[in-house]
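Worksheet for the structure shown next.
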Amino acid sequence: MLGAVAMAAAVVLVVAVSGFVPSPYLNPLLIFQNGSVVTSGAEWPARRVEVSTLVQSTLLGTMPDNPPPTLNSHQVINRTSAGDGVVCTFVELVFDTSGGGPVPTVSLTVEILEPVDPPGSKATRPVFMTQWNHRQWAVYAVSRGYIGVVYPASDAKDVAPLFQKAYPKASFALIAARAYVASRCLDFLLTCWSGVDPTQIAVSGHSRNGKQSLVFAALDTRVTAVVGSSPGSPIAAPYHFTSSNFYGEGPRTGGVTCSGSKWWLCSSLQYAGHPETMPMDGHGVVGMIAPRACAIATGRQDQASDMVFAGEQNIKEAAKVYALLGTPQYPVNIYRPGQHHGFDDITTYFDFFDHAFGRVSPYGQAMTAAGVRTHGSLLQWTRTYLTAAGFDWDTFNATTVYDRSPPPASAPVSDRVRWLLALGGKVGGELGVFSMGATYGEESEGSSYIPGMMNHVAGSGLAQQAFSFGDYLSGEMYWSGGSNANLDRPRPAVIWLHPYSYNTGYAPAYMQAYMHKVIAQAGFVTMAFDQVGFGLRNNQGGNRFYGQHGGNASLMGHMVKDAMAAVDFLTCRSELRNNASLCSQHGYTLPNADGIDRIPVIDLNRIYIMGFSLGGNVALHTAALDPRIAGVASFAGFTPFRTDTNDKPTGGIKRLYDLHALIPRLGLFAQTPSTVPYDYDDLLGEIAPRPTFIYSPTGDRDATHADVVQCVNTSRAAWGARGDLLIQASPDGVTKMETAEANAAVAWLKSLA
């Protein structure tokens with residue numbers, strides 16, 4: 001991991017070389033490096049060369065110079081029947097690589113599965129290529145009428161390192177080298193194997209093989225259709241949106257190394273924690289595939305690397321290239337339930353290939369013509385957005401009727417906050433319906449399936465209880481000491497709020513701390529849940545949310561509302577749990593020894609709230625509006641609104657009103673952020689004099705550190721003689737929630753005991 005000085009040097013270098021301005025948004029694919037705009041398909045080839053060069057210099061490494069190695073020989077080494085009317089052939093290929101350097105030849109073996117045609121037949125078939133450990137995919141391809149080709153470029157069988165040795169002047173890392181192997185196999189198929197339709201070449205692979213499949217299609221224009229199955233970071237899910245505050249796979253947490261076998265250039269480590277400084281991200285690969293058929297298949301709760309929001313941002317930017325080149329239907333996303341592995345629907349991938357190749361059955365064509373929609377099938381393919389990636393503030397602002405007049409500066413801070421967040425109550429927003437909880441008391445995540453899939457299981461030494469609260473939300477409570485330990489002694493509680501973890505919700509990944517467990521192990525009862533638009537609820541945000549609410553609500557407002565409902569639930573698990581007038585009508589006083597009654601009694605005076613990144617922001621807003629909260633900790637949670645102009649590397653307040661669609665009304669102040677109705681010093685003033693911990697790393701990608709420090713110092717007067725209760729820590733480092741941050745959180749909590 002690079003230090004702050006080296007990181008700053010890297011940023012300066014990028015800007016000096018290309019004139020590039022760091023931004024949380026993906027690098028525009030239709031803008032040349034000199035700033036001119038690509039306005040026609042005729043201009044794209046020149047820009048494509050730029051994109052290819054940037055992708056190679058940033059991630060992939062450079063490819064061997066043309067021409068490619070010569071195919072010296074090919075020899076059938078085995079041919080057997082593989083079922084009724086199907087033959088399996090193993091062919092050894094020998095390539096002359098003497099022009100590259102020290103290795104004169106490279107040999108490899110491909111397996112070809114194909115239907116047996118009648119003698120003399122001149123029929124051609126589409127080709128499906130995949131890697132050695134996906135052989136069964138190729139077997140299935142034959143059942144769909146394809147020639148299945150299995151090539152040796154995967155962990156199970158890999159000749160890519162031989163080509164790397166053969167071309168030492170090329171810097172191509174392992175993923176690009178594997179794509180190079182696929183191209184050499186395609187050389188053979190198109191020149192030496194009969195029955196191949198050169199216009200219908202499809203490829204797919206899963207995870208790291210999905211990465212190389214997309215890279216193969218980008219670098220070799222002979223590929224006409226590709227499905228990347230859960231390819232992950234950075235090709236399908238760009239690093240811009242998979243850093244630690246997304247609980248995602250960045251260069252450092254994803255294991256980029258400068259020794260041994262490496263997937264990407266080790267120089268990509270310079271972007272760890274600050275991917276906004278990348279001159280090109282993985283979306284350049286998807287853009288290079290245009291105008292050919294491309295789909296990215298993703299598990300909605302993938303915790304390995306495939307972030308839904310990141311993938312949608314990739315597709316959104318790449319789609320501009322496709323539209324320019326006349327194929328606006330691509331690229332598309334294919335969603336499935338569950339995690340990184342499992343539920344892989346290979347049949348759907350071939351539906352996509354058949355659709356791209358015009359192989360839809362007459363019945364399917366008839367249903368399409370009749371307007372019958374069939375989700376996830378060969379009948380129709382549409383681009384969908386589950387997350388805020390599909391949100392467009394300009395369209396929202398032009399079409400939505402909402403209150404555009406903020407309260408005056410003299411109005412109470414709470415009124416100004418509620419207006420900006422469109423939070424129901426006295427000012428603006430939807431009607432405020434108050435309830436101490438829901439009208440039910442059953443658990444909503446009680447089976448082991450969902451907690452297991454989402455990594456919500458407490459593990460040894462901790463007790464756990466699922467429950468429902470608020471507007472039919474699912475939550476989990478964690479505590480130490482066993483299920484029946486100290487139930488009658490009030491215990492402090494912490495509401496933990498997660499970052500921009502669109503796939504995983506409050507379950508961390510890639511070196512980030514399991515804070516719901518860490519806090520519980522420290523002796524606090526911990527409440528955790530997925531915020532609206534994230535985790536199990538990642539289809540409830542973005543355009544769906546604003547389609548429901550228009551301008552009368554905001555995602556951030558609903559997050560605050562949910563956090564307040566969490567306080568309601570904890571209140572009814574306190575010594576007030578048997579208060580019939582307060583809690584019984586909500587089901588929270590019902591006898592339920594095997595359910596929520598297992599939760600320890602909560603100390604009403606020690607309910608704290610804590611969050612990281614987005615969660616830290618929500619925590620501050622909630623604490624400012626809800627005096628029942630005894631203390632708040634925010635880790636990398638904010639930068640002041642009024643100085644966060646849209647030309648900053650943070651992306652400015654546009655990051656909040658457009659990129660993540662959290663606070664649309666904030667967009668009204670895009671040109672004059674200094675006039676935003678309130679700022680974080682106002683929030684801190686409302687929280688004072690309660691204990692407050694601001695953890696603001698100097699390299700937080702979403703903040704201007706000096707502005708955060710000034711804000712906290714300005715607010716300190718509100719604590720008066722108890723200024724010791726406002727603590728700010730500013731360690732050197734980037735945005736993350738790992739062991740050091742977890743230790744700081746626990747130390748602060750224990751200091752309150």
Side-chain angles (χ1 to χ4, degrees), residues 247 443-448 450-452 454-469 474-498 504-509 511-530 535 563 566-567 569-577 588 592-612 615 619 629-633 635 691 693 695 737-753:
Y247 279 169
E443 60 185 70
S444 61
E445 199 184 335
S447 72
S448 61
I450 292 178
M454 296 300 296
N455 284 343
H456 289 173
V457 177
S460 61
L462 293 178
Q464 174 180 1
Q465 178 60 47
F467 57 91
S468 299
F469 73 105
S474 296
E476 294 277 350
M477 203 77 79
Y478 302 86
W479 66 94
S480 60
S483 297
N484 299 306
N486 302 318
L487 291 182
D488 296 323
R489 188 175 68 190
R491 296 174 63 174
V494 177
I495 300 167
W496 168 251
L497 300 174
H498 60 72
T504 68
Y506 72 83
M511 298 173 61
Q512 305 309 297
Y514 281 77
M515 290 303 299
H516 55 288
K517 297 183 183 182
V518 170
I519 297 169
Q521 289 165 345
F524 296 77
V525 179
T526 309
M527 179 176 178
F529 59 92
D530 292 344
V567 179
F569 182 83
L570 291 172
T571 298
C572 287
R573 290 294 90 204
S574 73
E575 55 266 35
L576 299 177
R577 63 170 61 193
Y588 292 153
N592 190 1
D594 294 327
I596 59 175
D597 277 354
R598 298 171 61 244
I599 299 171
V601 174
I602 302 303
D603 186 335
L604 195 60
N605 297 314
R606 291 192 291 168
I607 296 176
Y608 306 105
I609 192 166
M610 175 181 290
F612 167 45
I629 294 172
V632 56
F635 286 76
F693 184 29
Y695 191 96
M737 196 75 201
E738 299 178 9
T739 301
E741 291 74 23
N743 289 342
V746 169
W748 177 75
L749 286 170
K750 288 186 173 181
S751 74
L752 305 178

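Just so it is clear, the model here is predicted, and its values are computed rather than measured. In this chain, numbering begins with 1 at the start of the sequence shown.
- Aromatic rings of F635 and F612 (six-membered ring for Trp) have centroids beyond the 6.0 Å cut-off, not under it.
- Separation of atoms CZ (R489) and CG (D603) is listed at 11.0 Å; rounding is to 0.5 Å.
- Separation of atoms CD1 (I607) and CZ (R573) is listed at 12.0 Å; rounding is to 0.5 Å.
- Side-chain contact between R598 and F467: absent, with no pair of heavy atoms (C-beta onward) separated by less than 4.5 Å.
- Nearest heavy-atom pair across V567 and I495 is CG2-CD1, 3.7 Å.
- Heavy-atom minimum distance, A745 versus M610: CB-SD, 3.7 Å.
- The aromatic rings of Y478 and Y506 stand perpendicular to each other, their planes meeting at an angle above 60°, with 30° marking the opposite boundary.
- Nearest heavy-atom pair across A566 and F529 is CB-CE2, 4.0 Å.
- Q512 places a side-chain N or O within 3.5 Å of a backbone atom of M737 that can act as its donor or acceptor partner.
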Using distance only, find each side-chain donor-acceptor pair of residues 516-526 under 3.5 Å and give its atom names and separation, not counting sequence neighbours.
{"from": "K517", "atom 1": "NZ", "to": "V457", "atom 2": "O", "distance (Å)": "3.2"}
{"from": "T526", "atom 1": "OG1", "to": "A520", "atom 2": "N", "distance (Å)": "3.2"}
{"from": "T526", "atom 1": "OG1", "to": "F524", "atom 2": "O", "distance (Å)": "3.4"}

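- Between the CE atom in M477 and the CD1 atom in I599 there is a gap of 4.0 Å [rounded to 0.5 Å].
- Annotation for L570 and I602: closest pair O-CB, 3.8 Å, computed over non-hydrogen atoms.
- Listed for the R606 side chain is no donor-acceptor partner under 3.5 Å among the backbone atoms of G631.
- Of all heavy-atom pairs spanning Y247 and A507, the tightest one is CD1-O, 3.5 Å.
- Ring geometry for Y695 against F693 counts as perpendicular: the plane angle is over 60°, on a 0 to 90° scale with 30° as the lower cut.
- Here the CD1-CG distance, from I609 to L497, works out to 4.5 Å after rounding to the nearest 0.5 Å.
- Partners of Y608 under the side-chain hydrogen bond (donor to acceptor under 3.5 Å, both in side chains) rule, at least two apart in sequence or in another chain, do not exist in this structure.
- When the salt bridge (charged side-chain N to carboxylate O under 4.0 Å, His left out) test is applied to E738, the partners found at least two apart in sequence or on another chain are R252.
- Across all their heavy atoms, A619 and A633 have their closest contact at CB-O, 4.3 Å.
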